[in-house]
Structures are given as C-alpha cells and as structure tokens.
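One structure below.
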Amino acid sequence: MGANQKADSRRQILDRMIALLEDAAGQGAQLVVFPELPFTTFFPRWLFATQAEVDAWFETEMPGPNTQPLFDRAKALGVGMYVGYAELTPQGQHFNTSITVGPDGAILGKYRKIHLPGTVEPRVGDRFQQLEKRYFEYGDMGFPAFRGPEAWGRAIMGMLICNDRRWPEGWRVYGLQGVELMLIGYNSAAYDPMGGTTEDASLRTFHSTLAAQSNAYMNATWAVSVAKAGNEDGSGLIGGSVIVSPNGIVVAEAKTLGDEVILAEADLDACRQGKEKMFNFAAHRRPQWYRAIVDQVGAVPPA
C-alpha cells in the first residue's frame with residue numbers, strides 16, 4: 001500500500017484497500033496480505049496529548065463499523081486475507097495486532113506484535129518519533145501456528161508484524177511447528193527512527209528483504225512480507241514488499257511506493273527439501289534434546 005495521511009478519512013483508505021483486494025482477486029489471488037496498520041497513518045510517529053486522541057486510532061472490534069465493507073467484499077469474492085490493525089480490548093489493553101481470515105470470512109488466526117521498537121518517552125527535538133512502546137503493550141499470544149483452509153492446501157501458517165521479522169526467535173518457533181507460509185505486514189521508516197544518521201531508505205529496504213529471505217530459507221517456508229510505503233505527512237516509509245520462496249528466492253517484488261499488487265503461486269511442496277533434508281525438521285531425525293524444544297513450543301496443528 002501507498003501512504004495514508006492523517007487527514008485521510010477511514011472511508012478513503014478503505015476504498016483503496018477494497019480496490020487492491022479486487023485487483024488481486026481479479027488476477028487469481030486466493031489470499032491477500034495487507035500491511036501493518038493499513039487502516040490509518042502510522043500514528044506512533046506522533047505524540048498525542050490525551051488518551052482519547054490515542055484511542056481514536058484503535059479498533060474495538062474486528063471487523064467493525066470502519067472495516068466491515070472490506071471483509072464483506074473479501075467474502076463475496078471468496079478471497080482470504082491477512083490484515084493488521086490497532087486493537088483496543090474490552091479490558092482497555094492496546095495491541096498491534098494482525099489476523100488471518102479465510103475465504104469464508106472466518107478468522108483463522110490472530111497475532112499480537114511482540115518486538116515493539118522505539119521508546120516510551122518522546123525524544124526531545126525530533127519531529128517524528130517511534131512511540132510503539134508508549135501506545136502498545138507487548139504481545140501476549142506467543143507465536144501460534146495454525147492451519148489454512150483446503151483452498152490453501154491446508155498450509156501451516158504463521159504471522160509476524162514489522163520489527164518481529166528482524167528477530168530469528170519468532171521464525172524459529174514457527175519453524176519448529178512446521179510453518180509453510182509466513183505472513184508479515186510492516187511500516188518501516190525510510191530513515192533511522194531512533195534519530196541516527198547511518199541508515200537510509202536503501203539500507204533499511206535491504207535489511208527488510210534480507211530478513212525475509214534468510215529466515216524463509218532457514219525455516220523452509222514461504223514468506224509474504226508487505227509494506228505500507230511512501231510519504232506519510234512528511235515522514236518516509238520504505239517499500240520493498242516481497243514474496244519469498246522456501247529457498248530464499250524473491251519470486252515477486254513491489255516496484256513502487258504506491259498502491260500495487262504483486263502476485264505469486266506458493267507451491268507448498270517446495271518446503272519439503274528444507275524441512276526433510278537440509279534442516280532435518282522431520283521428527284524421526286531430531287536428536288532427543290531437539291525434540292524436547294519442539295515439545296515446549298507445541299505440536300504442529302492437526303491436518
């Protein structure tokens with residue numbers, strides 16, 4: 001997705017998302033992956049004076065009044081999706097969340113971002129902040145793999161959000177559950193969001209792609225890593241959306257910083273080489289200590 005501005009209405013943004021969904025479905029997509037926080041601008045870059053101002057960016061239900069038309073259209077098209085959002089729970093907790101929805105509209109899996117970047121307090125003198133630690137709580141759901149529907153080959157699936165993709169721990173926990181299809185949305189600054197001067201858009205895009213390629217290869221899984229990109233109210237976001245094979249090869253890549261559909265067919269059998277040979281994920285090949293780790297993580301979701 002291209003940038004969302006603070007002044008954009010929820011309906012303006014939703015209409016763009018529906019147009020992307022329809023474009024993807026028209027090209028044969030069965031699963032559409034949207035970025036982190038696609039329904040709004042990346043609001044953690046701003047310091048807000050009151051909790052009410054903060055809560056205005058959050059969803060108390062998903063789908064809800066601001067998002068239902070997207071879910072209705074996806075169900076009508078028979079297309080599933082991964083979509084991120086800012087979640088406000090009935091208990092008053094705030095999470096950076098994503099869900100995966102099947103082609104029938106049923107929610108298949110839910111994930112809350114664990115690796116929150118940035119600071120709690122704003123950095124003096126900086127116009128743009130990275131205040132995810134101020135506005136979100138750390139995810140409390142772990143890394144639960146789940147099965148996709150028959151239409152997706154009953155793939156073992158996992159979800160990460162933005163900064164999570166840079167850390168190997170989440171990938172490995174999913175890998176030990178046999179993940180075959182990892183879905184990731186992100187909003188990554190085109191500059192050092194902590195105020196340094198050694199990173200630019202090119203380097204940060206390289207790191208984003210490197211994380212997807214290396215971890216897809218090391219866990220023998222497909223990875224779909226999707227950006228919200230471009231200039232949001234004067235603050236740049238990198239693009240670099242990619243679909244990566246279990247061999248770590250980029251098979252589709254976004255070329256712009258605007259609204260754009262990239263498409264690939266994910267052959268789940270391509271995961272077999274890595275899981276059964278290179279990395280010996282097959283249970284009968286694991287040493288006893290390795291099986292103990294797997295037992296702690298959890299079993300592969302039933303077929």
Side-chain angles (χ1 to χ4, degrees), residues 1-43 56-88 95-111 148-149 151-152 157 159 161-162 181 183-188 224-233 237-243 252-266:
M1 284 181 64
N4 296 336
Q5 311 305 325
K6 286 175 73 176
D8 290 343
S9 71
R10 292 291 185 96
R11 186 68 219 197
Q12 284 176 300
I13 295 171
L14 199 67
D15 285 346
R16 285 173 45 218
M17 294 177 69
I18 291 172
L20 284 165
L21 181 82
E22 292 174 338
D23 186 357
Q27 296 185 56
Q30 295 176 295
L31 167 61
V32 174
V33 180
F34 287 105
E36 174 189 31
L37 301 178
F39 297 109
T40 67
T41 191
F42 184 75
F43 64 87
W57 300 101
F58 283 76
E59 309 293 334
T60 57
E61 55 184 323
M62 187 57 65
N66 292 323
T67 59
Q68 187 68 57
L70 177 69
F71 287 75
D72 291 344
R73 188 63 181 133
K75 185 175 180 180
L77 292 168
V79 173
M81 60 184 175
Y82 161 111
V83 65
Y85 63 102
E87 177 192 11
L88 176 56
F95 295 105
N96 191 339
T97 300
S98 63
I99 55 173
T100 297
V101 181
D104 61 354
I107 294 178
L108 303 173
K110 183 175 182 177
Y111 172 76
W152 304 346
M157 304 179 67
M159 291 182 283
I161 300 174
C162 198
L181 182 59
L183 310 180
I184 308 160
Y186 63 93
N187 287 199
S188 291
V224 186
S225 186
V226 178
K228 177 146 63 66
N231 187 322
E232 286 196 340
D233 294 304
L237 294 172
I238 65 168
S241 299
V242 289
I243 302 173
E253 182 175 12
K255 303 300 182 184
T256 74
L257 296 178
D259 290 352
E260 181 181 354
V261 172
I262 64 172
L263 192 74
E265 184 174 352

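Side chains of Trp152 and Leu181 form no contact here, defined as non-hydrogen atoms less than 4.5 Å apart. Using a 4.5 Å heavy-atom cutoff, the side chains of Leu20 and Met1 are in contact. At least one side-chain heavy atom of Tyr85 sits under 4.5 Å from a side-chain heavy atom of Ile99. Leu70 is listed as a side-chain neighbour of Leu21, based on a closest heavy-atom distance under 4.5 Å. Residues Leu37 and Asn96 meet the side-chain proximity criterion, which asks for heavy atoms closer than 4.5 Å. For the pair Ile13/Pro38, no side-chain contact is recorded, criterion being any heavy-atom separation below 4.5 Å from C-beta on. Taking the side chain as every heavy atom from C-beta outward, Ile243 and Ile262 approach each other to under 4.5 Å. Contact of the Thr100 side chain with the Met159 side chain is registered, since non-hydrogen atoms from C-beta on lie closer than 4.5 Å.
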Can you list the steps and then say if Phe39 with Asn66 is a side chain to side chain contact (heavy atoms under 4.5 Å, CB included)?
CA-CA 9 Å; Phe39 297 109; Asn66 292 323; over 6 Å; no
Evaluate side chain to side chain contact (heavy atoms under 4.5 Å, CB included) for Val83 paired with Thr67, printing each intermediate quantity in order.
CA-CA 11 Å; Val83 65; Thr67 59; over 6 Å; no
Side chain to side chain contact (heavy atoms under 4.5 Å, CB included) between Tyr82 and Met157, intermediate numbers included:
CA-CA 11 Å; Tyr82 161 111; Met157 304 179 67; over 6 Å; no
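Counting all heavy atoms, side chain and backbone alike, Ile238 lies closest to Ala227 at O-CB, 3.7 Å. Nearest heavy atom pair, residue Leu108 against residue Gly148, reads CD1-CA, 4.4 Å.
The salt bridge (Lys or Arg N to Asp or Glu O under 4.0 Å) search around Lys110 returns Glu87, not counting sequence neighbours. Among residues two or more places apart in sequence or in another chain, the salt bridge (Lys or Arg N to Asp or Glu O under 4.0 Å) test is passed with Asp72 by none.
A distance-only check finds a donor-acceptor pair linking the side chain of Glu260 to the backbone of Thr256 [under 3.5 Å]. Under a 3.5 Å cut-off, the side chain of Asp233 and the backbone N or O of Lys6 do form a donor-acceptor pair. Gln12 places a side-chain N or O within donor-acceptor distance of the main-chain N or O of Ser9, the cut-off being under 3.5 Å. Remark: side-chain polar atoms of Ser241 are not paired, donor with acceptor, to backbone N or O of Ala254 under 3.5 angstrom. Side chain of Glu36 to main chain of Asn187: a donor-acceptor pair is present (N/O by atom type, distance under 3.5 Å, no hydrogens or angles). Looking at Tyr186, its side chain does come within 3.5 Å of a backbone N or O of Gly239 through a donor-acceptor pair. Checked by atom type and distance alone, the side chain of Tyr111 never pairs as donor or acceptor with a backbone atom of Ile161 at under 3.5 Å.
Atom-to-atom distance recorded for Leu14:CG and Asp8:CG is 12.5 Å, nearest 0.5 angstrom. The structure places CE of Met81 at 11.5 Å from NZ of Lys75, a figure rounded to the nearest 0.5 Å. Interatomic distance, Asn231 CG to Leu257 CG, rounded to the nearest 0.5 Å: 9.5 Å.
Salt bridge annotation for Glu22-Arg73: present, with a cationic side-chain nitrogen under 4.0 angstrom from a carboxylate oxygen.
Checked against Thr41 for a side chain to side chain donor-acceptor pair (under 3.5 Å), the options Gln5, Lys228, Glu232 give a single hit: Glu232.
Within 6.0 Å of CD on Gln27 lie more than 12 heavy atoms contributed by other residues, nucleotides or ligands.
For residues 10-20, the salt bridge (charged side-chain N to carboxylate O under 4.0 Å, His left out) pairs, not counting sequence neighbours, are Arg10-Glu59, Arg11-Asp15, Arg16-Asp259.
In this structure, Phe58 has its ring center closer than 6.0 angstrom to the ring center of Phe43.
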